Structures are given as C-alpha cells and as structure tokens.
**Q** 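Have a look at this one before I ask anything.
For clarity, every value in this text was computed on a predicted model and none was experimentally measured. Each chain gets a letter, A, B and so on, in the order the sequences are listed, and its residues count up from 1. No hydrogens, no waters, no symmetry mates; every other heavy atom, side chains included, goes into these values.
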Protein chains: 4
Amino acid sequence: MDTPVNRGGRPRSEQARDAVLHAVDDLLLEVGYSAMTMKGIAERAGVGRQTVYRWWSTKAEILFEATVADAEEELAVPPTGSSLDDLVGYLDSLKHFLEGSAAGAAYRALIAAAQQDRAVAALLASKDVLGDSARVVVERVAEHEALPSPPEHVTALLVGPMFFWVMSGRDTVHLDTGELAATVLSELRAAKVG
Amino acid sequence: MDTPVNRGGRPRSEQARDAVLHAVDDLLLEVGYSAMTMKGIAERAGVGRQTVYRWWSTKAEILFEATVADAEEELAVPPTGSSLDDLVGYLDSLKHFLEGSAAGAAYRALIAAAQQDRAVAALLASKDVLGDSARVVVERVAEHEALPSPPEHVTALLVGPMFFWVMSGRDTVHLDTGELAATVLSELRAAKVG
Amino acid sequence: MDTPVNRGGRPRSEQARDAVLHAVDDLLLEVGYSAMTMKGIAERAGVGRQTVYRWWSTKAEILFEATVADAEEELAVPPTGSSLDDLVGYLDSLKHFLEGSAAGAAYRALIAAAQQDRAVAALLASKDVLGDSARVVVERVAEHEALPSPPEHVTALLVGPMFFWVMSGRDTVHLDTGELAATVLSELRAAKVG
Amino acid sequence: MDTPVNRGGRPRSEQARDAVLHAVDDLLLEVGYSAMTMKGIAERAGVGRQTVYRWWSTKAEILFEATVADAEEELAVPPTGSSLDDLVGYLDSLKHFLEGSAAGAAYRALIAAAQQDRAVAALLASKDVLGDSARVVVERVAEHEALPSPPEHVTALLVGPMFFWVMSGRDTVHLDTGELAATVLSELRAAKVG
DNA sequence: TCGTAAGCGAGACGGTACGTCTGGTCTTGAA
DNA sequence: TTCAAGACCAGACGTACCGTCTCGCTTACGA
C-alpha cells in the first residue's frame with residue numbers, strides 16, 4: 001500500500017487538507033498567483049502555517065494538486081463519430097480551459113512558474129495534462145485516419161497555436177478552431193496517403 | 001521632440017542607464033528572473049535604488065528594454081529564395097532563440113510574468129517580437145504562394161507548436177522543423193488553390 | 001497518601017518520570033535554561049510530550065523537582081564547634097553552590113524566572129532552600145552567642161553579599177568569606193551585649 | 001567626535017529611536033519581560049521590525065539603554081552630612097528602586113536574563129549601576145570614617161541583603177534599613193580602629 | 001558666476017512574506 | 001488510563017525585499 005504505516009501519532013487531518021486546497025482555488029481567482037502567499041493560504045484555510053509546509057513545499061505544489069483533477073475533466077471530450085468534430089470539440093474545450101476556466105488559470109500560472117523554477121517544471125512533467133488530453137483525441141482520430149510517426153508532432157500542431165495565442169495575450173475570438181482542426185486533419189490524412 | 005525640455009537640473013546619466021541594463025542581462029542568467037530583485041539590480045549596477053525606480057517601474061520593464069533589440073535581431077532571418085528554406089530557417093532561429101539564447105530566456109520570463117501581471121502583458125503587446133518576426137517570414141513566403149485570409153492564423157501555426165514545446169519543458173531535439181515547415185507551406189498552398 | 005487512588009488504567013511510569021528529571025538536569029548544563037524547551041525535554045527523555053504536560057505545568061516545576069534535593073544537601077554543613085568556622089563553612093558551601101554546582105545553576109535560573117513569573121515565585125517560596133539552610137546555621141551559632149530580634153536580618157546579612165556578588169556576575173575570588181563571617185558574628189555578639 | 005562620519009544615506013531617525021525606547025518602557029510594565037517580544041516592541045513603537053534590529057540585537061539591549069539613565073538618577077542620593085543618614089538614605093532609595101520603580105523592574109529583568117545569557121551579562125558589566133551608586137555612597141562616608149581594603153566588600157554588605165531580600169521575593173517591610181545601615185557603619189569604624 | 005533645479009549613490013524608513021521553531025492541545029493504537 | 005508518536009492551530013523568530021524618503025554631492029542651465 002501507498003499509505004504509510006501508522007506507527008503512532010495523530011493521523012493527518014483530511015479536513016485541513018481540503019481547507020488548504022479550497023483556499024488555494026479561491027485565492028488564485030481573488031488575488032492572483034503572485035499575490036497568493038503561503039501565509040495567506042494558511043490564514044484563509046484557518047490552518048497553521050506549519051501544517052501547510054508539512055505537506056507541501058511550495059504554493060505551486062498545492063495549486064497543482066488542487067486543480068489537476070479539474071483540468072483533466074475539462075479537457076476530456078466525448079467521441080462524436082466524426083474525426084473533424086472530435087478535433088473541433090477538443091479545440092473548443094481547450095480554448096475555454098486556457099482562457100476562461102479556473103483550472104486553466106492555474107495551469108497558466110504553473111507553466112509561468114515553471115519557466116523560472118526547475119521544481120515546478122518537474123511537477124508539470126510528472127502529469128502532462130495538456131499533452132495527455134491531446135494524445136487521447138489524436139489517437140482516437142488516428143484509428144480512422146493514420147498515425148504519423150511521432151504522435152507528439154500532431155499534438156503540438158493541435159495544441160500549440162491555441163496555446164501560443166492565449167499565452168501571448170491574444171484574443172481567441174480571432175482564432176477559428178474549425179480551420180485549425182481542418183489543418184490537423186489534413187496532416188493526418190497526408191500521412192495515410194504518404 | 002520626445003526629449004523633455006531641460007529646465008535646469010543635472011541630465012540623466014547614460015552611464016547609469018547602461019549599467020542597469022547590463023546588470024539585468026547578467027542577473028537573469030546568473031540567478032534567474034524571480035531571484036532578480038530591484039535591490040540586487042541596483043547593487044550590481046553600482047547605482048542608487050532610487051535611480052532605478054526613477055526610470056523604470058518594474059524589473060519586467062528593464063528586462064524588456066534590455067533584451068528586445070537582441071530578440072529582434074536573433075529572429076530576423078535572411079531570404080533564401082526558397083519558401084520551404086525560409087520557413088525552416090525561421091523555425092531553427094526560433095528554436096535557438098526560445099531554448100538557447102539569453103534574449104529568449106528573458107522573453108520566456110516576460111511571457112510568464114505577463115500571465116499574472118496586466119502591466120507586463122501590455123508591455124509585451126506594445127512590441128510583439130515573436131508575432132512580428134513570424135509575420136515577416138510568412139508574408140515573404142506568401143508572395144510566392146498565397147496569403148490566407150488572416151495571416152495571424154499562419155503565424156500561429158508556424159510559431160505555436162515550437163512555443164508550446166519549449167514552454168511546456170519538452171526537449172526540442174524531438175521536434176522536426178522540416179516537417180513543421182512543410183505543414184505550414186502546404187496550408188499556404190491549399191489557400192492558393194482554394 | 002498523596003498517590004491518587006488507582007481507579008483502573010495503566011499506572012504512572014516511574015521510568016518516564018525519572019527520564020524527564022534526568023533530561024532536565026542534563027539539558028540545563030548543555031543548553032541553558034532558556035534554550036531548554038518542553039519539546040526538547042520530552043525528546044531527550046524519550047517520552048511523549050503529553051506525558052510531560054500531564055505531570056508538570058512548566059519547565060520550572062520540573063527543574064525545581066529535579067534539583068531541590070541536591071540543593072538542600074549541598075547547603076547542609078556539619079557543626080564544627082566554632083561559631084566562626086560554622087559561618088565560614090556555610091559561606092564556602094554557598095559560594096560553591098551558587099557559582100559552581102549544577103543545582104546552583106538551576107537555582108539561579110529559577111530565581112531569574114521568578115522575577116517574571118508569579119507561579120515560579122510561588123514555587124520557590126514553597127521551599128526556601130537558601131533561607132532555610134542559612135537559618136539552620138544562624139540558629140546553631142546563636143545558641144552560643146545571641147539571636148537578634150528577627151533572625152531573617154542575620155540570614156540576609158549572611159547570604160545577601162554572596163548572592164549579590166554572584167548574581168551580578170562578579171568573580172567570587174575577590175570575596176573573602178572569612179571577613180564576611182566575622183562581620184556577621186560581630187553583629188550577633190553586639191546583639192548579645194545590647 | 002563620536003558621531004560616525006555620514007558617508008551618504010538617510011540619517012538615523014531620532015524619532016524612531018525614542019519611540020522604541022518608550023515602547024520598551026511601557027511594555028515591560030504592561031506585559032512583563034518575557035512576554036515582551038521584538039515584534040511587539042516594533043508594533044507598539046509604530047516602527048518597522050528591521051529598524052529595531054538595525055540598532056539593537058536583543059530586547060535586553062533596548063531595555064538597558066532605555067532605563068540605565070533613570071536607574072542612575074534614582075540611586076543618586078544627596079549628602080546629608082551624617083554618615084548614618086547617608087547610608088539609610090541610600091538603602092531607602094535602593095529599596096524603592098528594586099521593589100517599586102519601573103527602572104528597577106527593568107534592572108531585575110536584566111539581572112535575571114544575565115543568568116542565562118552571556119551577552120546580557122556583559123552588557124550589565126559594562127555599566128554597573130548598583131555597584132557604582134553604592135561605591136559613591138561608601139566613599140563619601142569613608143571620608144569621615146575609614147575605607148577598608150577593598151571597598152567592594154562594603155558595597156556588597158550594603159547592597160547584598162536588600163538585593164537578596166527582593167530578588168527572592170521577600171517583603172521589604174520586614175527589612176529595617178536603619179539597622180542594616182548601622183551594621184555597615186560599624187564595619188567601617190572597626191576598620192578605622194583596626 | 002552664481003542660484004536654481006534635477007539627477008546621483010547611499011542607506012534608513014515602515015511594511016510584509018519568508019521558512020523555522022516552540023507552545024500547548026488533541027487524537028491515534030498499543031500496553 | 002497511561003504511554004509514545006506525531007499532527008493540529010497559533011504566533012514569534014530573524015532575514016530579505018518592497019517602494020519611499022532623506023541626506024550631501026554633482027552637474028547642468030539661465031540670469
């Protein structure tokens with residue numbers, strides 16, 4: 001089992017854990033990532049500072065734990081039967097996730113932090129939310145079409161433009177997900193032919 | 001003229017300005033963006049703290065001023081005569097810029113900061129280094145091929161995958177710039193035909 | 001009996017009690033009074049924190065219990081038959097106690113704590129180690145000489161100068177116990193004559 | 001001059017210094033020495049925490065600086081012309097100082113702290129408030145009587161009993177300063193005769 | 001040539017978050 | 001019921017940096 005053998009001592013309080021995770025969620029939206037402090041999280045959660053540090057080293061770790069489940073859910077799209085619709089559906093989810101959702105805001109904050117902090121980068125690498133969700137869609141579509149040599153290329157083609165668009169502060173109303181999906185699909189078909 | 005009318009008083013010291021810009025350049029590589037403080041910059045530059053605040057509000061502003069010229073230069077690629085070679089050349093420059101250069105490290109830090117700080121976002125919007133450089137290449141290629149409705153779509157297709165790859169911590173040796181360039185080119189040609 | 005009626009349940013562990021008392025003795029010498037914490041005592045004794053708090057409220061209480069017996073023993077001097085020798089003998093014991101012994105260090109720490117903490121003051125008042133030991137000597141001497149109105153005056157004259165000397169950090173090599181004893185004795189004799 | 005050469009920089013704020021010294025004075029009486037924290041001092045003085053640490057290392061240092069002047073003043077007694085009256089006057093001042101005055105409370109706290117902290121002991125040794133004031137009186141009296149070999153013996157005889165009485169929590173109403181003064185005086189006269 | 005005015009390096013100012021420590025309490029399972 | 005273990009909330013520790021302020025000193029211009 002993963003659970004550590006309880007060799008005496010008070011067990012970890014699930015109530016405190018939840019309070020911290022919720023506090024992080026709330027604070028990210030209220031004050032933003034950089035103004036969110038370990039002190040503030042503890043106070044908002046009604047929890048001792050030591051209790052936070054006992055279970056997490058950094059606010060990035062807490063935020064990751066608090067939002068990764070939401071993120072996976074938001075990026076999981078049901079199959080439609082049509083390759084193009086599957087891709088468009090995913091891109092629309094991705095657009096909403098990156099631009100409009102709480103989990104997406106957390107993800108952007110973590111990507112940002114990872115540029116300066118090796119530990120955060122490792123954290124994100126441990127569970128590649130965006131890459132995984134895109135691979136699921138690409139592989140589903142590839143059953144009907146063809147899977148080009150490294151599927152990562154296609155996921156990058158699928159996710160990259162939207163990611164760049166949002167991260168560099170552009171407005172997504174000017175990005176046509178249908179056209180983007182068509183491009184990716186034609187790449188997949190070209191691979192089949194070739 | 002932009003230069004403020006000098007109504008008495010000591011003129012601004014160019015020496016101090018250069019010292020600050022160089023200090024920021026050095027410190028970014030030595031300690032990273034988040035460990036780079038206004039206090040540290042002033043001390044490294046051998047300059048008073050007030051002198052830094054007098055001319056710049058934030059470290060992002062200084063970093064932007066210190067690196068934007070380098071960034072533009074690194075992303076300007078000479079025409080080769082071949083559409084595909086132009087695109088591949090640009091993607092190779094972009095790869096080196098984002099992953100390996102000092103100016104690129106600064107750019108990634110600023111993009112990261114912009115996710116949390118509206119002022120930094122505005123700063124980056126004021127001079128869209130990546131978008132501008134990509135548009136130059138796309139428009140050059142389009143002379144021979146065709147320019148699809150919004151050129152921004154194509155620049156996103158060109159820049160996005162590489163941007164996503166680097167920002168999410170992936171290794172660029174697994175990204176084939178030739179293949180990526182071919183995809184973009186086929187999109188441009190499809191636009192011509194259609 | 002003082003022992004509480006055992007109404008079922010595990011009996012108090014004498015082993016734990018001794019471990020705590022010894023830990024306090026050791027820690028006082030090793031780290032000093034203020035650096036000695038309840039947490040540290042429990043860990044050093046290999047005892048749960050709650051076990052310490054269950055039987056003592058403060059570190060002062062533990063220290064008092066741990067050292068009062070030693071202190072009494074060190075300050076009990078055998079009669080010599082000579083009034084002056086009795087006084088000199090006591091002063092020499094007192095000098096060694098206050099300046100050189102472990103029990104004396106504990107006593108000084110408690111006197112110090114009592115200045116700020118009413119509970120510690122009450123604790124010390126409950127068993128006046130210094131006063132009692134001095135009174136024994138003074139009363140013994142007074143059998144041959146005379147007991148002036150309040151014997152406390154004489155004990156203060158006997159103990160006070162040495163106490164002041166040590167507590168204010170002076171070196172006792174410069175304090176002649178013989179001369180001091182002579183002064184006290186002449187006071188006693190003056191009372192006899194008067 | 002003692003004033004450090006001002007080699008640039010904002011000069012020290014006398015206002016902040018005074019605020020800290022007054023805050024320490026107030027807090028000692030209100031909450032006691034051990035409950036008086038550096039944080040609390042800074043907040044009470046309306047001063048930054050760093051400002052306190054910049055000029056003093058410990059609360060003992062602040063307290064010493066805040067009260068040493070008051071202490072000296074309280075222990076300076078005017079000559080009366082009579083040896084006995086001089087001694088009685090001093091002992092009455094000492095009684096009031098140790099037992100009833102704010103400066104005396106500070107002094108007792110510092111003596112207490114010095115038992116556990118070498119730095120505080122050194123601080124007190126640098127300005128021996130009690131010893132100095134007693135020596136002044138003893139030397140004045142000795143002009144008419146006689147000065148025994150080391151005057152420190154006599155000061156210990158003068159100060160010690162009262163010091164012991166108060167520090168060990170006894171009530172000073174039971175201590176007759178007249179009788180004590182008489183004892184000290186007879187010692188001085190015995191030295192003259194001998 | 002001298003006064004006015006702004007820039008300069010230095011560094012103290014009041015604040016506030018950092019991560020660590022201890023305090024005293026509470027909650028387990030085993031003895 | 002006591003025990004060892006150890007998590008709980010609270011809050012002080014001393015340090016670092018924040019952005020502002022106040023010094024004495026340049027360094028220019030214009031009267």
**Q** Between B:Arg17 and B:Glu65, is a salt bridge (Lys or Arg N to Asp or Glu O under 4.0 Å) present by the stated rule, with each step listed?
**A** CA-CA 11 Å; B:Arg17 177 176 179 270; B:Glu65 183 170 336; 2.4 Å; yes
**Q** Rounding to a whole Å, what distance do you find between A:Asp18:CG and F:dC8:P?
**A**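 These atoms are roughly 12 Å apart.
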**Q** Atom CD1 of D:Ile41 and atom C1' of F:dC13: how far apart are they, to the nearest Å?
**A**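 To the nearest whole Å, that distance equals 13 Å.
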**Q** Please say whether the positively charged group of D:Lys59, taken as NZ for Lys or CZ for Arg, lies over the ring of D:Tyr33, i.e. under 6.0 angstrom from the six-membered ring centre and within 45 degrees of the axis.
**A**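 Yes.
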**Q** E:dG23 phosphate, OP1 or OP2: any side-chain N/O from C:Thr37 under 4.0 angstrom?
**A**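 Yes.
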**Q** So which pairs with a foot in residues 19-36 of chain A pass salt bridge (Lys or Arg N to Asp or Glu O under 4.0 Å), sequence neighbours left out?
**A**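 Applying salt bridge (Lys or Arg N to Asp or Glu O under 4.0 Å) to every pair that reaches into residues 19-36 of chain A, excluding sequence neighbours, yields A:Asp26-A:Arg44, A:Glu30-A:Arg44.
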**Q** Return the value, rounded to whole Å, for the distance between atom CE of D:Met36 and atom P of F:dC13.
**A** 10 Å
**Q** Out of F:dA12, F:dT22, E:dG14, which has the shortest distance to the side chain of D:Pro11?
**A**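 Comparing F:dA12, F:dT22, E:dG14 against the side chain of D:Pro11, the answer is F:dT22.
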**Q** Ignoring hydrogens and angles, tell me if any N or O in the side chain of A:Gln115 forms a donor-acceptor pair with the backbone of A:Ile111 under 3.5 Å.
**A**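 Present.
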**Q** Mind running a 4.0 Å heavy-atom check of residues 46-65 of chain A against DNA chain E and sending the residues that fall below it, in number order?
**A**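 Within residues 46-65 of chain A, the residues near DNA chain E are A:Arg49, A:Gln50, A:Tyr53.
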**Q** If you assign each of D:Arg17 and A:Met38 to its closest nucleotide in DNA chain E, which residue comes earlier from the 5' end?
**A**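 Its nucleotide being nearer the 5' end, the pick is D:Arg17.
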**Q** Report yes if some heavy atom in the side chain of D:Phe64 is under 4.5 Å from a heavy atom in the side chain of D:Val24; otherwise report no.
**A**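 D:Phe64 does not reach D:Val24 side chain to side chain.
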**Q** Expressed in angstrom and rounded to an integer, what is the separation of A:Arg10 atom CZ from E:dT27 atom P?
**A**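 These atoms are roughly 6 Å apart.
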**Q** Which comes earlier along DNA chain F counting from the 5' end, the contact point of A:Arg12 or that of C:Glu14, where each point is its nearest nucleotide?
**A**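 With A:Arg12 and C:Glu14 compared, the 5'-side residue is C:Glu14.
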**Q** Grab the NZ-P distance between D:Lys39 and F:dA12 for me, whole Å please.
**A**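 Atom-to-atom, D:Lys39 to F:dA12, this comes out as 4 Å.
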**Q** Side-chain contact, heavy-atom cut-off 4.5 Å: B:Ile62 with B:Val52?
**A** yes
